[in-house]
Amino acid sequence: MKRNRGRTGRKRRRKHLQGFMHGVNCSHKLEYIKLKKWLKERGFEDSYLRPAQFWDTGRGLMTTKALQAGELVISLPEKCLLTTDTVLSSCLGEYIIKWKPPVSPLIALCTFLVAEKHAGEKSLWKPYLDVLPKSYTCAVCLEQDVVSLLPEPLKNKAEEQRTMVHELHASSKAFFSSLQSLFAENTGTIFNYSALEWAWCTINTRTIYMKHSQRECFSLEPDVYALAPYLDLLNHSPNVQVKAAFNEQTRSYEIRTNSQCKKYEEVFICYGPHDNQRLLLEYGFVTTDNPHSTVYVSSDTLLKYFPPLDKQRDAKLSILKDHDFLQNLTFGWDGPSWRLLTALKLLSLGADEFTCWRRVLLGDVISARNEQQALNITAKICRFLAEETQRVLLQISQLKRDKENLKKHLSLVEALRLEDLKILQKSAEILCNLNVTTT
């Protein structure tokens, strides 16, 4: 009897562990029951995908059967998609058509989301709105204290993104005011900055690409957005490939996997070959061991290691700028990029070698001295960036203790910086081996 109880206990523990590894099924939750019912009314046939909570990726979709390469993962009917057609057929349509100069498709969708969220129980889209995130972690949402801890290129892009969303809100206030007759409450209160930021993040992080024909009631900006309820629960992985497109025959948006997926595992799609900086900026997450991840070297960092008294310095910089060799200089999992090494080789040219600069840009070896100097400076830059990353990681761990309210955002930047450190350590190893082979 004792032995049987032990075996049963082991089975239970194994089952519990498997559940933890695979994810916890959330189909029983009321918001998902209501969403599935709402989708079914619009023609969606229940698939083998189930909403689940995963320990590493958070909320996602698990499959209840093994998937083979080429298999249809999900097919979402056109009626389930939220596009500018949805907006134009709503009570907002006549106001958008009348408004001059025309609003962008993006502002039309943002306006619809804010208006429907404000409508609450009266909204036809409530089952979908109820499962959307209440807040986001893409760069525009980060506090300034957190933004200051981002790597330089990403910090600049985050500030540009914030400015752009603020300008979007400011330039749309007059249009929002024109909708006043639709609302009892003041439109300034309903369409405030935080409401627009939430709607913008929803569209920026969750839409699928779906091209619509140009319409006079919208500005010339491309109309390529569609929100796809349920389908948008699929998380990103850089290691999978899918085919995703609107099927004109079935009038549905379909996703087919090019990878196998085991039963009860999370089903992933790929948002594109994005590095972690792009993923954080646009989607608010990073992935570990992302094969596309890189550490960027700014032109300021580059120039720290070259003597200001070099008479050809300005000419070298001018050549690099004219040939676009001051951007996208990176370290990756396979070490320094060809572009970074090329830029450093050109800057390392001696006075007697300067006339060979065109050959450097073509990838030719000019001299053993030039090659070695470029490698030495690359190693110094790598070391400097690694030390800077470690310093920022220390700042983050201190801030996590002091500022509980920023912990989620700080953890995100910490994950990005830890990945950067791994890349720089790998690059340092590669450079060390290169130095050994060249000496």
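Not measured: the values here are computed from a predicted model. Numbers for residues simply follow the sequence, beginning at 1.
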- Note on the structure: side-chain contact (heavy atoms from CB on, under 4.5 Å) test vs Tyr305 passes for just one of Thr378, Leu344, Ile377, namely Ile377
- Query: Between atom CG of Asp85 and atom OG of Ser90, what is the distance when rounded to the nearest 0.5 Å?
  - Reply: 11.0 Å
- Does CD in Gln398 sit with more than 12 non-hydrogen atoms of other residues, nucleotides or ligands closer than 6.0 Å? yes
- Query: Quick one: are Ser172 and Val103 in side-chain contact, heavy atoms under 4.5 Å?
  - Reply: no
- Message: Could you tell me if Lys65 sits above the aromatic ring of Tyr48, with its cationic atom closer than 6.0 Å to the ring centre and no more than 45 degrees from the axis?
- Response: yes
- Side chains of Ser27 and Asn25: is there a donor and an acceptor less than 3.5 Å apart? yes
- Message: As a quick check of understanding, evaluate salt bridge (charged side-chain N to carboxylate O under 4.0 Å, His left out) for Glu152 and Lys155, giving each step before the final call.
- Response: CA-CA 5 Å; Glu152 205 59 51; Lys155 191 192 300 179; 3.6 Å; yes
- Query: Side chains of Gln372 and Asn376: donor-acceptor distance under 3.5 Å anywhere?
  - Reply: yes
- Task: Drop me the distance from Leu375's CG to Cys382's SG, to the nearest 0.5 angstrom.
- Result: 12.0 Å
- side chain to side chain donor-acceptor pair (under 3.5 Å) between Asp223 and Thr84: does it pass, once the steps are laid out? CA-CA 8 Å; Asp223 187 357; Thr84 47; 2.7 Å; yes
- Nearest heavy atoms of Thr205 and Glu282, plus distance in Å: CG2-O, 3.3 Å
- Query: Do Val87 and Thr111 come close enough that some side-chain heavy atom pair is under 4.5 Å?
  - Reply: no
- Flag if over 12 foreign heavy atoms under 6.0 Å of CZ, Arg358: no
- Message: Donor-acceptor pair, distance only, cut-off 3.5 Å: does the side chain of Asp130 make one with the backbone of Pro127?
- Response: no
- Task: Report the distance from atom SG of Cys141 to atom NE2 of His409, rounding to the nearest 0.5 Å.
- Result: 6.5 Å
- Mutual orientation of the aromatic rings belonging to Tyr283 and Phe285 [parallel < 30°, tilted 30-60°, perpendicular > 60°]: tilted
- Query: Can any side-chain N or O of Tyr230 pair as donor or acceptor with the backbone N or O of Leu76 at less than 3.5 Å?
  - Reply: no
- Query: Is the number of heavy atoms from other residues, nucleotides or ligands under 6.0 Å of Glu45 CD greater than 12?
  - Reply: no
- Task: Kindly say whether Ser259 contributes a backbone atom to a donor-acceptor pair with the side chain of Gln68 at under 3.5 angstrom?
- Result: no
- Item | Stepwise side-chain contact (heavy atoms from CB on, under 4.5 Å) check, Leu279 with Leu416 | CA-CA 10 Å; Leu279 289 174; Leu416 176 77; over 6 Å; no
- Message: Under a 3.5 Å distance rule, please check whether Gln53 uses its side chain to pair with a backbone N or O of Val24 as donor and acceptor.
- Response: no
- Task: Please report the C-alpha distance between Leu394 and Gln390 in whole Å, then the side-chain angles of each, then the deciding distance to 0.1 Å, and finally whether the side-chain contact (heavy atoms from CB on, under 4.5 Å) criterion is met.
- Result: CA-CA 6 Å; Leu394 191 64; Gln390 284 168 325; over 6 Å; no
- Item | Worked check of side-chain contact (heavy atoms from CB on, under 4.5 Å) between Tyr136 and Thr202 | CA-CA 8 Å; Tyr136 290 92; Thr202 298; 2.8 Å; yes
- Nearest-0.5 Å distance that lies between atom OH in Tyr271 and atom NE2 in His236: 7.5 Å
- Which heavy atom in Gly332 sits nearest to a heavy atom in Ser427, and how many Å separate them? O-OG, 3.1 Å
- Taking the side chain as every heavy atom from C-beta outward, state whether Leu132 and Trp198 have any atom pair closer than 4.5 Å. yes
- Nearest heavy atoms of Asn235 and Arg59, plus distance in Å: ND2-O, 2.7 Å
- Item | Over 12 foreign heavy atoms within 6.0 Å of CD, Gln425 | yes
- Message: Could you tell me if Asp275 and Tyr296 have a donor-acceptor pair between their side chains, going purely by distance under 3.5 Å?
- Response: yes
- Message: Using 0.5 Å steps for rounding, measure from the SG atom of Cys217 to the CD1 atom of Ile96.
- Response: 7.0 Å
- Worked check of salt bridge (charged side-chain N to carboxylate O under 4.0 Å, His left out) between Glu419 and Lys422: CA-CA 5 Å; Glu419 195 79 350; Lys422 282 199 284 184; 3.5 Å; yes
- Taking all heavy atoms of Glu353 and all of Ser367, pick out the closest pair and write down the distance. OE2-OG, 2.6 Å
- Task: Spell out, as yes or no, whether a donor-acceptor pair under 3.5 Å connects the side chain of Ser123 to the backbone of Gly120.
- Result: no
- Got a sec: does the CD of Gln241 have more than 12 other heavy atoms crowding it under 6.0 Å? no
- Task: Please assess Val267 against Thr257 for the test side-chain contact (heavy atoms from CB on, under 4.5 Å), listing each intermediate value before the final yes or no.
- Result: CA-CA 9 Å; Val267 181; Thr257 180; 6.0 Å; no
- When rounded to the nearest 0.5 angstrom, what is the spacing between OG in Ser135 and NZ in Lys408? 4.5 Å
- Query: Would a distance-only check, ignoring hydrogens and angles, find a side-chain to backbone donor-acceptor pair under 3.5 Å from Arg339 to Leu329?
  - Reply: no
- Any donor-acceptor pair under 3.5 Å from Trp333 side chain to Asn290 backbone: yes
- Message: I'd like to know whether Lys400 forms a salt bridge (charged side-chain N to carboxylate O under 4.0 Å, His left out) with Glu414, so could you lay out the CA-CA distance, the side-chain angles of the two residues, the decisive distance to 0.1 Å, and finally the verdict.
- Response: CA-CA 10 Å; Lys400 278 171 84 177; Glu414 185 177 46; 2.6 Å; yes
- Query: Are the side chain of Ser318 and the backbone of Asp314 linked by a donor-acceptor contact shorter than 3.5 Å?
  - Reply: no
- Task: Could you tell me which non-hydrogen atom of Ala158 sits nearest to which non-hydrogen atom of Val147, and how far apart they are?
- Result: CB-CG1, 4.2 Å
- Note on the structure: Nearest heavy-atom contact between Gln277 and Pro153 is OE1-CB, 4.2 Å
- Below 4.5 Å, heavy atoms only, C-beta onward: do Thr63 and Leu49 meet side chain to side chain? yes
- Message: Just checking Lys426: does its NZ atom have more than 12 heavy atoms from other residues, nucleotides or ligands closer to it than 6.0 angstrom?
- Response: no
- Message: Quick one, His169 and Phe176 - any side-chain contact, counting heavy atoms below 4.5 Å?
- Response: yes
- Item | Pairwise side-chain contact, Lys407 with Glu404, heavy-atom cut-off 4.5 Å (strictly under) | yes
- Query: Just wondering, do Ile319 and Leu361 contact through their side chains at under 4.5 Å, heavy atoms?
  - Reply: yes
- Message: Is it the case that the side chain of Asn370 and the backbone of Lys345 share a donor-acceptor pair, with hydrogens and angles ignored and the cut-off at 3.5 Å?
- Response: yes
- Message: Is any side-chain heavy atom of Pro105 closer than 4.5 Å to one of Glu221?
- Response: yes
- So, His118 side chain and Ile190 main chain: donor-acceptor pair closer than 3.5 Å or not? no
